[in-house]
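The structure appears below as structure tokens.
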Amino acid sequence: MLKGLLFDLDGVLTNSAKFHLAAWNNLANELGITLTDDQLDSLRGISRIDSLNLILKYGGQENKYSEAEKEQFAAEKNAKFVKQVETMTAKDILPGISKFLVDAKKQNLKMIIASASKNAPRILTRLGIMDEFDGIVDPATLHNGKPDPEIYIKAQQIAGLQSNEVISFEDAEAGVAAIKAAGQFAVGIGNKELLKEADYIVSKTSDLKLSEIETVFQKRK
Ligand code: B16
Ligand code: MG
């Protein structure tokens with residue numbers, strides 16, 4: 001029986017990705033690295049420090065900087081990102097999401113945020129939907145980033161539920177892999193080819209219909 005929904009944030013509830021990617025692109029340019037669109041895209045859902053390490057690798061600079069220097073670069077990127085977050089409002093909630101959350105509330109489903117972003121509480125507050133959720137996984141407590149299942153297992157534990165009682169929502173390939181590795185039902189939002197491991201896929205958030213997803217979820221068992 002369905003008892004809870006676990007949500008990624010960036011790319012599912014709001015499009016903060018555009019701010020992440022712009023800030024990373026900026027930092028990469030400062031380091032003399034030019035990123036292709038595919039390389040930029042591969043950073044979606046990846047934690048802050050893992051994203052920086054990937055960028056350095058793309059630029060052939062993986063051994064160039066000390067850990068302290070890398071922390072400084074990550075902090076600079078985050079400062080630029082946070083500045084953009086401060087401009088966000090409820091208008092930045094992705095289409096269809098507000099209604100979807102209302103429908104879920106009506107069914108008394110537990111709702112937990114499973115985002116790699118340490119800025120998730122700040123972003124949810126700006127969007128005005130912080131109170132809709134029963135809990136947020138603190139990414140600082142995690143040992144492994146997505147595609148490791150740790151974040152989705154923690155989210156399920158915060159909800160006090162079993163893996164067959166939740167549906168989890170992701171826009172990133174690494175995120176869908178994390179959900180499946182946690183043994184949960186995955187809803188992918190975005191590119192059907194990229195997210196093909198998901199149990200249910202829509203191309204955009206406005207196509208999310210809770211009743212339809214539930215029908216597929218019930219049939220799986
Ligand atoms: P922060 P999600 C992820 O959020 C973003 O997709 C990814 O681009 C970002 O690097 C990561 O959060 C960490 O974010 O630097 O704010 O801690 O998709 O897991 O909601
Ligand atoms: Mg995401």
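All ligand and atom numbering here is 1-based and tracks the order in the structure. Here the structure is a predicted model, which means the values were calculated and not measured.
Under 4.0 Å is where a charged nitrogen must lie from a carboxylate oxygen, and between Asp138 and Lys154 no such pair does. For the pair Glu67 and Lys70, the salt-bridge criterion is met [side-chain N within less than 4.0 Å of a carboxylate O]. Under the 4.0 Å criterion applied to side-chain N and carboxylate O atoms, Glu86 and Arg122 are assigned as salt-bridge partners.
By the criterion of a heavy-atom distance under 4.0 Å, neither the backbone nor the side chain of Leu21 is placed next to ligand 1.
If you check which protein heavy atom lies closest to atom 7 (C) of ligand 1, you get Ile46 O, 3.4 Å. Considering only non-hydrogen protein atoms, atom 17 (O) of ligand 1 sits nearest to Lys118 N, 2.7 Å. Atom 15 (O) of ligand 1 has Arg48 NE, 2.7 Å as its closest protein atom, hydrogens excluded (heavy atom only). Residue, atom and distance of the protein heavy atom nearest to atom 18 (O) of ligand 1 are Asp8 OD1, 2.9 Å.
No other N/O/S atom of Asp171 lies as close to the Mg ion (ligand 2) as OD1 does. Asp8 has its closest N, O or S atom to the Mg ion (ligand 2) at the position named OD2. Looking at Asp10, its N, O or S atom nearest to the Mg ion (ligand 2) turns out to be O.
Geometrically, ligand 1 and Trp24 share no nitrogen or oxygen pair separated by less than 3.5 Å.
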